[in-house]
Amino acid sequence: MCRANSVATRKRRVLTPNDLKHLVVDEDHEMIYCYVPKVACTNWKRVMMVLTGRGKYSDPMEIPANVAHVSSNLKTLNQYSIPEINHRLKTYMKFLFVREPFERLVSAYRNKFTQKYNTSFHKRYGTKIVRRQRKNATQEALHNGNDVKFEEFVAYLIDPHTQKEEPFNEHWQTVFSLCHPCHIHYDLIGKYETLEEDSNFILQLAGVSNYLKFPTFAKSTRTTDEMTAEFFQNISMEHQIQLYEVYKLDYLMFNYSMPAYLKTE
């Protein structure tokens, strides 16, 4: 896919350290994990904290979610010198996890725009989306940005002005842009659909499966394929096609087929 889409994928020939801030390094087990928000990254960060903590933690689930997301708790590849970066990219086991792109997007929307507690997202992005996408918005909506509709979120994502202004937030940025799969040769790509099995396989390869298992989670609020289809019912055909274009490389790279619910003709 990298070769077939070389025009789109080779825009930049070289990675800079700034491109590597999603790559979490575990020196003790010589592993690099590229985290993708909304693809079990909280649990993988917890696992990485157990692996790199040298005995500080034994059970990933004893680490609170907010602690797992404190950046200073994990070392990322951009913190190393260029020779150290190259050495690690060459010799460490590198992996990431992917998820059906639109399902990941709906999961991000539900988490960031429909939860009362995410006021920082409402202020930072919600107000901007309302201002740009909603005609006759109330002063309250413009001020709070806490009632963004999924249709408005989609319109914001496909608006060319959005990415010119600033890169997408990591929660809806493409995996392609976060993890650079055409520049970094990943050894393993796990899927959210087979999360437990794939995660435990990686822990087995790392030689830690005798004392560490990936947390099983039965989240009843989890975004499913059916839920995603429902969210897309109100999106016009034109917008659906434009949105697919934005995430097309993620679909192609990671072997996801175009969703059956998409209105494409």
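Predicted, not measured: the structure shown is a model, and the values here were computed from it. Quick note: residue numbers are just sequence positions, from 1.
Aromatic rings of Y125 and W172 (six-membered ring for Trp) have centroids within the 6.0 Å cut-off, being under it. A ring-centre distance under 6.0 Å is not found for Y192 and F97. A ring-centre distance under 6.0 Å is found for F102 and Y251. The ring of W44 has its center closer than 6.0 angstrom to the ring center of F214.
The line from CE of M31 to CD1 of I202 is 7.5 Å long, rounded to the nearest 0.5 Å. The distance from the CZ atom of R99 to the CG atom of D250 is 13.0 Å, given to the nearest 0.5 Å. The distance from atom NZ of K21 to atom SG of C34, rounded to the nearest 0.5 Å, is 11.0 Å. Put simply, CZ on R124 and OG1 on T119 are 14.0 Å apart, with the number rounded to the nearest 0.5 Å. Atoms CZ and OG1, on R110 and T221 in that order, are 6.0 Å from each other to the nearest 0.5 Å. Remark: L188 CG to L205 CG distance equals 6.0 Å, nearest 0.5 Å.
Side-chain atoms of E100 come within 3.5 Å of backbone N or O of E103 as a donor-acceptor pair. Using modelled atom types, no side-chain atom of E30 and backbone atom of D26 make a donor-acceptor pair closer than 3.5 Å. Under the 3.5 Å distance criterion, the side-chain polar atoms of D187 are left unmatched by any main-chain donor or acceptor of F95. Of the possible donor and acceptor atoms, none in the side chain of R88 sits under 3.5 Å from a partner among the backbone N and O of I32. The closest donor-acceptor contact from the side chain of Q204 to the backbone of S209 lies at 3.5 Å or more, if one exists at all. No donor-acceptor distance shorter than 3.5 angstrom exists from the side chain of N146 to the backbone of H122, with no hydrogens or angles considered. For K112 (side chain) and Y109 (main-chain N/O), no donor-acceptor pair under 3.5 Å exists by modelled atom type. Using a distance-only test at 3.5 Å, with no hydrogens or angles considered, no donor-acceptor pair links the side chain of Q133 to the main chain of F153. Between the T91 side chain and the H87 main chain, a donor and an acceptor come within less than 3.5 Å of each other. The backbone N or O of E196 lies less than 3.5 Å from no partner atom in the side chain of K213, so there is not a single donor-acceptor pair.
Counting non-hydrogen atoms of neighbouring residues, nucleotides and ligands closer than 6.0 angstrom, the CG atom of N66 exceeds 12 such neighbours. Annotation for Y244: atom OH counts as buried by contact number, over 12 foreign heavy atoms lying within 6.0 Å. Residue K248 places its NZ atom among 12 or fewer non-hydrogen atoms of other residues, nucleotides or ligands, all under 6.0 Å distant. Annotation for E140: atom CD does not count as buried by contact number, only 12 or fewer foreign heavy atoms lying within 6.0 Å. Applying the 6.0 Å contact sphere to CD of Q139 captures no more than 12 heavy atoms from other residues, nucleotides or ligands.
Contact check for N111 versus F121: no side-chain heavy atoms found under the 4.5 Å cut-off. A 4.5 Å side-chain heavy-atom check between Y57 and R46 finds every atom pair outside the cut-off. Side chains of Q173 and N169 form no contact here, defined as non-hydrogen atoms less than 4.5 Å apart. The shortest side-chain heavy-atom distance between T174 and L249 does not fall under the 4.5 Å cut-off. Looking at heavy atoms from C-beta onward, L20 lies out of side-chain contact with T76 at the 4.5 angstrom threshold. Side-chain contact between E170 and C41: absent, with no pair of heavy atoms (C-beta onward) separated by less than 4.5 Å. Counting only heavy atoms from C-beta outward, the side chains of I235 and Y261 never approach each other to under 4.5 Å. Contact annotation: the side chain of H29 never approaches that of M93 to less than 4.5 Å [non-hydrogen atoms, C-beta and beyond].
In this model, no donor atom of one side chain and acceptor atom of the other lie less than 3.5 Å apart for R222 and S107. Side chain to side chain, H171 and K38 fail the donor-acceptor criterion of an N or O pair below 3.5 Å. H69 and T42 share a donor-acceptor pair across their side chains, judged by distance under 3.5 Å alone. In the model, Y256 has a side-chain atom that pairs as donor or acceptor with a side-chain atom of E193 under 3.5 Å. E84 and S81 are linked by a side-chain donor-acceptor pair at a separation below 3.5 angstrom, with hydrogens and angles left out of the test. Under the 3.5 Å distance criterion, with hydrogens and angles disregarded, a donor-acceptor pair is assigned to the side chains of T16 and D19.
Residues M258 and M253 are members of one and the same hydrophobic cluster, defined by side-chain heavy-atom contacts under 4.5 angstrom among Ile, Leu, Val, Met, Phe, Trp and Tyr. In this structure, F168 is a member of the same hydrophobic cluster as V175, with clusters built from ILVMFWY side-chain heavy atoms closer than 4.5 Å. By the criterion of side-chain heavy atoms lying less than 4.5 angstrom apart, applied directly or through intervening Ile, Leu, Val, Met, Phe, Trp or Tyr residues, V47 is not grouped with V70; the two fall into different hydrophobic clusters. Cluster membership for M61 and L195, using ILVMFWY side-chain heavy atoms within less than 4.5 angstrom, is not shared. Linking Ile, Leu, Val, Met, Phe, Trp and Tyr residues whenever their side-chain heavy atoms come within less than 4.5 Å leaves I82 and L23 in two separate clusters.
What you find for T127 and N144 is that their closest heavy atoms are CG2-C, 3.9 Å. Shown here for S58 and E62, the closest heavy-atom pair between the two residues is N-OE2, 3.3 Å.
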Take K191 and D198, measure what salt bridge (Lys or Arg N to Asp or Glu O under 4.0 Å) needs, and give me the verdict at the end. CA-CA 7 Å; K191 293 213 155 175; D198 295 354; over 6 Å; no

L74/T52 under side chain to side chain contact (heavy atoms under 4.5 Å, CB included): CA gap, chis, key distance, verdict: CA-CA 8 Å; L74 288 165; T52 56; 3.9 Å; yes

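Ring geometry for F231 against F150 counts as perpendicular: the plane angle is over 60°, on a 0 to 90° scale with 30° as the lower cut.
The residues E166 and K128 are annotated as salt-bridged, a charged nitrogen and a carboxylate oxygen being separated by less than 4.0 angstrom. Salt bridge status for R132 with D159: present, with a side-chain N to carboxylate O gap under 4.0 Å.
Seen from the ring of Y80, K75 counts as a face-on cation partner, given the 6.0 Å and 45° thresholds.
With P60 as the fixed residue, the side-chain contact (heavy atoms from CB on, under 4.5 Å) test singles out one of N43, L51, V50: V50.
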